[in-house]
Amino acid sequence: MSQKPSIPRGTRDFSPVEMLRRNYIFDTVRRTFSLYGYLPLETPAMENLTTLLGKYGEEGDRLLFRILNSGNFLAGIPPSVLSGTDTQAVSQLICEKGLRYDLTVPFARYVVQHRDEITFPFRRYQIQPVWRADKPQKGRYREFFQCDVDVIGSDSLLNEFELVRIIDRVFRELNIRVIIKVNNRKILAGIAEMAGAGDRITDITVTIDKLDKIGQEGVREELTQRGIAPEVIARLEPVIKLSGPALSKLEELKSVLSSSVTGLKGVSEMEELFGYLEALGKIKTDIELDLSLARGLNYYTGAIFEVKAKDIDFGSICGGGRYDDLTGVFGLKDMSGVGVSFGADRIYDVMFQLNLFPESLMASTKVMFTNFGRYEATYCLNAIRNLREKGISAELYPDAAKLKKQFDYANKRNIQFVVIAGESEMQNRQFAVKNMTSGEQETIPFANLTEYLLGKIDQK
RNA sequence: GUGGUUGUAGCUCAGUUGGUUAGAGCGCCAGAUUGUGGAUCUGGAGGUCGCCGGUUCGAACCCGGUCUUCCACCCCA
C-alpha cells in the first residue's frame, strides 16, 4: 500500500533551476554583507519557547510553531487540563521548544549567551529559514528564508546609515527598483503623546500603518473602533499627512512635538540619518520618511525600515529597525542594536515576475562532449580534464546514446558548445566543436581545444 | 484564527441536465533521419477525475467531511 507523498502546507521543494536562482540572491546578499564587514552566524532551527514567547506580540505567539516534547509528554499532566478547552495551557505543558520565528530574537539570545567572547560592536549576518504558522498566500509561506544583517552594541546612527546603503546596494545589484521607507518609533510615540493618547501607541501605530491600504477615512474609522477619542484622532491627522522632503517634514515635526522629549529625540535621530544621506549619500534608491510606517514587531524603539518593490506589489521585501532592549529580557542591559532583514522568498517572487534573473544562471555546463562509446569517451575525458583545469565546466554525455538524444540534452541544459569526437576526429587528433546558438561547427586540433574554447566562451 | 475560493494526463485547461471506452494543446517516448539539436510529419505511453464517505440503478458532475491552492481580514518577509 503506497501513499501519495506530499509536503506540509506552506512549504516548498526547490528544484535545481530554482536553487540556482535562489543562490544568486543569497550570493548577492552575502557578498554585500561581507563587504560591509559583517560576520556570518547560524543558530538552531528550534529555540526554547521561553526565548521566543512574548517577543513578537500576541499575534506572534499564536503563529509560533511549537514542538511536542519527546517521550511521554503526557506524564504528570492533570487530566482536568487535558480535557479542558484551554489549548494554550495544554501546549505550555507539553511543548517546551518552538521553531524560530525570526532571526533577530535568536541573535539577541546568542549575544547574551556569548557576550564574553564577542567584540562589540558586533556585526553579524545570518541567512536561514524561519517558520510561521500563518495561513499561506501568495508571497506568504510557512517556511521562508530571511537574510538578516544587524549590528549590536552601538547607538550610532551611522549604523542606520550603513544599513540604508546596504539595502541600496543589494537591490541595485539584483536590479530591483525599490523604495525605502523610514520612520522612527520615538516620533510615533511623540505623536501619540502629543495627541493625548501616549498609552495607546500600539493601537494608533498599527492603525495608521494601514493608511496606504485603507485611506484616511478607513484609518479614522478603525481608530474610533479601537476606542480612540475623536479629539485625539483630530490631532493625529494633520501630522500623519505631512508631506514634502524628509528634512522639511522633520522641521515641522519639531514644533508639533515640542512638548514631547521622546518625540524630539526621534526627530533629531532622523535628522542625523537624513543628514548623512544628504552629505554622503549618492544613493540612487528613493528614500522616504513615511510617518505612517509602524511595523508590527513590537521590540523596535527607534528607526524603522521597510522596502517595497516599485514595479510590483508584493508587500515588503525587506524590513527592520532599531531595538534598544531586546537583550534586556535575557539579562543584558544597555545593548542597543539595529538591523534589517531581506525576505529572500519574496525577492525571488518579485524577480521572477519581473523577469530579472540573468539567463546565464541556467547554463552551468559550458561544454558537453558527445559519447560514441568507451574508446572515444577516453579520448574526450583527457580533453575534459584540461578544460576543467582552466575553469571551464565541461561534461561528457554518460551513455553512447543516439546523437539526437545527446544534442537534445545539451539543448535543454542550455549548453553553449557541443564537442564531437568520433572515429574520424580521433584519427586526425581533432575535435568538431559545434556552437549551439549559431549552429556553426569548426574542426579544432586536439591541442588547441582549450585555448579555442577559452576565447569563445562568454565570460561570467 | 474568521470568511470565501480552487483541485481533471508531467504542464495549461475542456468535459452538455448525473448515463457506456474522460478529451485537447504543449511536453515526454519512438520512428521518418543507424555521426548532428531548435522546424515538420507519423505513431505511442501516460488519468484511483485531490482524498474519504454519502445520495443514486449509475457520480468527474449532486451532498458532507478532509487536504491543497489562491483571495480578503488579521498579521507579516
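Bear in mind that the values here come from a model prediction, so they are computed numbers and not experimental data. Here is the naming used below: chain letters follow the sequence lines, and residue numbers restart at 1 for every chain.
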Counting heavy atoms from C-beta on, name the nucleotide in B:A72, B:C76, B:G35 closest to the side chain of A:K135.
-> B:A72

Of all the nucleotides listed (B:C73, B:U36, B:G1), which has the minimum atom distance to the side chain of A:L403?
-> B:U36

Taking N and O atoms by type only, does the side chain of A:Q441 place a donor or acceptor under 3.5 Å from a partner on the base of B:U36?
-> yes

Picking from A:F33, A:F26, A:F305, A:Y125, what satisfies ring pair (Phe, Tyr, Trp, His ring centres under 6.0 Å) with A:F342?
-> A:F33

What's the CG-P distance between A:N411 and B:G37, to the nearest Å?
-> 10 Å

Verify stack between A:F342 ring and B:A77 base, 5.5 Å, 30 degrees = no

Return yes if a side-chain donor-acceptor contact under 3.5 Å exists between A:D349 and A:Y141, otherwise no.
-> yes

Taking atom P of B:U33 as reference, at what distance in whole Å does atom NZ of A:K404 sit?
-> 13 Å

B:U8 and B:G15, which share atom name C1', separated by this distance in whole Å | 9 Å

Between B:C41 and B:G4, how far is it from one C1' atom to the other, in whole Å?
-> 49 Å

Among the nucleotides B:G3, B:C28, B:U69, whichever has the atom closest to the side chain of A:P136 is B:U69

Sugar-phosphate, base or nothing in reach of A:G10, heavy atoms under 4.0 Å = sugar-phosphate

Closest-nucleotide 5' rank along RNA chain B - winner of A:A432 and A:S316 = A:A432

Excluding sequence neighbours, so at least two apart, what forms side-chain hydrogen bond (donor to acceptor under 3.5 Å, both in side chains) with A:E451?
-> none

Quick one: A:F65 CZ to B:G1 P, roughly how many Å, whole number?
-> 10 Å

Side-chain donor/acceptor contact of A:R132 with base of B:C75 under 3.5 Å | no

Does A:K181 come within less than 4.0 Å of A:D212, counting only side-chain N to carboxylate O?
-> yes

What does A:G60 touch in the nucleic acid at a heavy-atom separation under 4.0 angstrom: a base, only the sugar-phosphate, or nothing?
-> nothing

Which whole number of Å gives the distance between the P atom of B:G3 and that of B:A77?
-> 26 Å

Atom-pair distance (CG on A:D313; C1' on B:A77), nearest Å = 14 Å

Which nucleotide, B:C71, B:G37, B:A77, lies nearest any side-chain atom of A:Q137?
-> B:C71

Residues A:D134, A:R140: salt bridge by 4.0 Å N-O rule = yes

Using a distance-only test with no angle check, is there a side-chain donor-acceptor pair under 3.5 angstrom linking A:Q406 and A:T370?
-> no

Between A:S292 and A:D209, do the side chains contain an N or O donor and an N or O acceptor separated by less than 3.5 Å?
-> no

Using the C1' atoms only, state how far B:A9 lies from B:A14, rounded to an integer number of Å.
-> 13 Å

Who are the side-chain contact (heavy atoms from CB on, under 4.5 Å) partners of A:T205, not counting sequence neighbours?
-> A:L188, A:I201, A:A294

Hey, does A:G422 reach any base, or is it just sugar-phosphate, or nothing, if we go heavy atoms under 4.0 Å?
-> base

Looking at the side chain of A:I420, which of B:C75, B:C76, B:U36 is the nearest nucleotide?
-> B:U36

Can you figure out which of B:C29, B:U36, B:G35 approaches the side chain of A:K402 most closely?
-> B:G35

Whole angstrom value for the distance that separates C1' of B:C74 from OH of A:Y56 = 19 Å

Donor-acceptor pair present, A:E425 side chain and B:G35 base, under 3.5 Å | yes

What is the nucleic acid contact for A:T437, judged by heavy atoms within less than 4.0 Å: base, sugar-phosphate only, or nothing?
-> base

Rounded distance in Å between the C1' positions of B:G53 and B:G10 = 30 Å

From the list B:C74, B:C71, B:G35, which nucleotide is the closest neighbour of the side chain of A:E59?
-> B:C74

By nearest nucleotide on RNA chain B, pick out whichever of A:S341 and A:K405 is the more 5' one.
-> A:K405

Where the side chain of A:V206 is defined as all heavy atoms beyond and including C-beta, which of B:C75, B:A77, B:G1 is the nearest nucleotide?
-> B:C75

Do A:S424 and B:G35 have a side chain to base donor-acceptor pair shorter than 3.5 Å?
-> yes

Separation of the P atoms in B:U16 and B:C61, to the nearest angstrom = 11 Å

Among the nucleotides B:G37, B:C28, B:C75, which one has an atom lying closest to any side-chain atom of A:K412?
-> B:C28

Rounded distance in Å - CZ (A:R346) to P (B:A77) = 8 Å

Does a nitrogen or oxygen in the side chain of A:R9 sit under 4.0 Å from OP1 or OP2 of B:U68?
-> yes

In whole Å, what separates the C1' atom of B:C11 from that of B:G7?
-> 15 Å

Candidate nucleotides B:A30, B:G37, B:C70, ranked by approach to the side chain of A:K138 - the nearest | B:C70

A:K213 side-chain N/O to B:A72 phosphate OP1/OP2 under 4.0 Å | no

Round to a whole Å and report the spacing from CZ of A:F314 to C1' of B:C71.
-> 13 Å

A:D408 CG to B:A39 P, straight-line distance once rounded to whole Å | 9 Å

Base, sugar-phosphate, or nothing: which does A:C318 touch, judged by heavy atoms less than 4.0 Å apart?
-> sugar-phosphate

What integer number of Å spans the P atoms of B:G43 and B:C26?
-> 14 Å

